[in-house]
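Reviewing the structure listed below.
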Amino acid sequence: MRPSLIPHLRCPAGGGPLVLEGPASDWIAEGTLHCPANGRRYAIRHGMAYLYVDDEHWRPLAAEAAGWTQMAKDSGYYDQTGVAIDFQLPYFPHQPWIDVARQFDIALDIVRPRPGAWVLDVGAGRGWAAKQFAVRGCNSVAIEINDDDQIGVGRSLAMMQQAGVRYDILIGSSQRLPIAAGSFDIAFASAALHHSTSIDSIVASMARALRRGGKLIAIHEPCISDGANDADFAADIAEDAAY
């Protein structure tokens, strides 16, 4: 984590500013963030800041993160060692990534991120979008519930090394972003909004993080017709829900 991010962070328990305990370096791999207002402390591990409170809001998110990891293991695609796909995303020449890349390029054309802009990648998954913004010179921040180093945002550590860039990683809730109001120029989400239990709350949380005149853009959300037969999707829904 870069020390320049700390002024933009807020305590997930009370919303107060956070301070770093101990000396800072240009990249904080291990450490502790402290909230002077309430005394709470939050760990930084492997460069990732864990900004959540283990409460009734967080526990279902943690269960979902564990479920995605287990599903990857059961489906045989968990181990990404030696696999280069993540390093190419979204520009991987197979579906669904062909469509994702097209949508991402449209998003870039709309938001026109400039070098130095602060960009928040919400529900970042493995962090491919945060990396793409960082490659373009942005101050990029990924927030995600799953820290797994193979199929979660922990995979970003390998992606950063491969691309020769750094961006910040937060483990926390997108519906309760631990971010100071008015901190970001762009809030971005790819296939993330539909994971929220409340579209209103996640969009409001993203909007709150934006500076006046900031841009919020979401891509690659699954959509079906209002007249669709729910039974046609029952098997897929049941498979996901089982995890």
Side-chain angles (χ1 to χ4, degrees), residues 1-6 8-9 12 18 20-33 41-52 58 61-62 64-73 75-92 97 100 104 113 117-174 177-179 184 186 188-192 195:
M1 189 185 78
R2 299 168 301 163
S4 59
L5 175 65
I6 296 175
H8 300 290
L9 298 179
L18 298 175
L20 178 70
E21 293 185 345
S25 59
D26 62 343
W27 180 256
I28 306 165
E30 308 288 332
T32 302
L33 292 166
R41 287 174 168 79
Y42 304 93
I44 303 169
R45 298 194 295 268
H46 306 295
M48 300 184 288
Y50 287 73
L51 295 181
Y52 63 85
W58 177 256
L61 303 181
E64 181 184 354
W68 285 114
T69 300
Q70 188 61 50
M71 186 164 68
K73 291 177 179 179
S75 301
Y77 62 84
Y78 173 76
D79 188 359
Q80 298 297 308
T81 305
V83 178
I85 293 173
D86 288 342
F87 302 148
Q88 303 172 50
L89 298 182
Y91 304 109
F92 183 65
W97 293 104
V100 176
F104 185 63
W118 282 87
V119 181
L120 184 63
D121 181 12
V122 175
R126 300 179 191 182
W128 64 263
K131 187 200 82 170
Q132 289 292 345
F133 284 112
V135 166
R136 289 162 173 80
C138 298
N139 291 301
S140 190
V141 181
I143 185 164
E144 167 63 35
I145 61 172
N146 191 347
D147 67 348
D148 191 87
D149 63 1
Q150 295 294 312
I151 60 100
V153 77
R155 180 67 171 158
S156 280
L157 302 175
M159 293 165 66
M160 281 189 266
Q161 183 177 25
Q162 187 273 340
V165 297
R166 280 178 171 171
Y167 50 92
D168 298 301
I169 302 171
L170 307 178
I171 308 302
S173 170
S174 299
L177 291 169
I179 299 293
F184 284 80
I186 298 167
F188 173 84
S190 176
H195 287 281

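Keep in mind that the numbers below use all heavy atoms, side chains included, and drop hydrogens, waters and symmetry copies.
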Residues that [X] engages under side-chain hydrogen bond (donor to acceptor under 3.5 Å, both in side chains), provided they are two or more places apart:
| X | result |
| --- | --- |
| Glu64 | Trp68, His195 |
| Trp97 | none |
| Thr81 | Asp79 |
| Gln132 | Arg136 |

Once salt bridge (charged side-chain N to carboxylate O under 4.0 Å, His left out) is applied, do any residues pair with [X], and if so which ones, sequence neighbours excluded?
| X | value |
| --- | --- |
| Arg45 | none |
| Asp148 | none |
| Arg166 | none |

Quiz item: What do the steps show when you test Ser190 against Trp128 for side chain to side chain contact (heavy atoms under 4.5 Å, CB included), and what is the final call?
Solution: CA-CA 10 Å; Ser190 176; Trp128 64 263; 3.5 Å; yes
Give the minimum heavy-atom separation between [X] and [Y], together with the two atoms involved.
| X | Y | answer |
| --- | --- | --- |
| Phe104 | Pro90 | CD2-CG, 3.9 Å |
| Met1 | Leu9 | SD-CD1, 4.3 Å |
| Ser4 | Trp118 | O-CH2, 3.8 Å |
| Phe87 | Arg155 | CZ-NH2, 4.0 Å |

Quiz item: Does a side chain donor of either Asn146 or Thr69 reach within less than 3.5 Å of an acceptor in the other side chain?
Solution: yes
Exercise. Start with the C-alpha distance between Ser140 and Phe188, add both sets of side-chain angles, then the distance that settles side chain to side chain contact (heavy atoms under 4.5 Å, CB included), and finish with yes or no.
Key: CA-CA 10 Å; Ser140 190; Phe188 173 84; over 6 Å; no
Checking [X] now: which residues fulfil side chain to side chain contact (heavy atoms under 4.5 Å, CB included) with it, not counting sequence neighbours?
| X | result |
| --- | --- |
| Asp149 | Tyr78 |
| Gln161 | none |
| Ala29 | Trp27 |

Is the shortest side-chain heavy-atom distance between [X] and [Y] below 4.5 Å?
| X | Y | result |
| --- | --- | --- |
| Leu5 | Leu170 | yes |
| Lys131 | Val165 | yes |
| Asn139 | Phe133 | no |
| Leu18 | Leu51 | yes |
| Ile44 | Leu33 | yes |
| Ile171 | Val153 | yes |
| Met48 | Asp147 | yes |

Does [X] use its side chain to pair, donor to acceptor, with the backbone of [Y] at less than 3.5 Å?
| X | Y | answer |
| --- | --- | --- |
| Glu144 | Gly125 | yes |
| Ser156 | Arg126 | yes |
| Gln150 | Gln80 | yes |

To the nearest 0.5 Å, tell me how far [X] [atom1] sits from [Y] [atom2].
| X | Y | atom1 | atom2 | value |
| --- | --- | --- | --- | --- |
| Tyr42 | Leu20 | OH | CG | 15.0 Å |
| Ser174 | Leu61 | OG | CG | 8.5 Å |
| Thr32 | Tyr50 | OG1 | OH | 13.0 Å |

Practice problem: Test Arg2 against Ile28 for side chain to side chain contact (heavy atoms under 4.5 Å, CB included), laying out the working first. | Solution: CA-CA 6 Å; Arg2 299 168 301 163; Ile28 306 165; over 6 Å; no
Quiz prompt | By ring-ring contact (aromatic ring centres under 6.0 Å, His included) - contacts of Tyr167 (at least two apart) | solution = none
Practice problem: Check ring-ring contact (aromatic ring centres under 6.0 Å, His included) between Tyr52 and all other residues, then give those that pass, not counting sequence neighbours. | Solution: Trp58
Quiz prompt | Residues Asp121, Ile143; criterion side chain to side chain contact (heavy atoms under 4.5 Å, CB included); working and verdict | solution = CA-CA 6 Å; Asp121 181 12; Ile143 185 164; over 6 Å; no
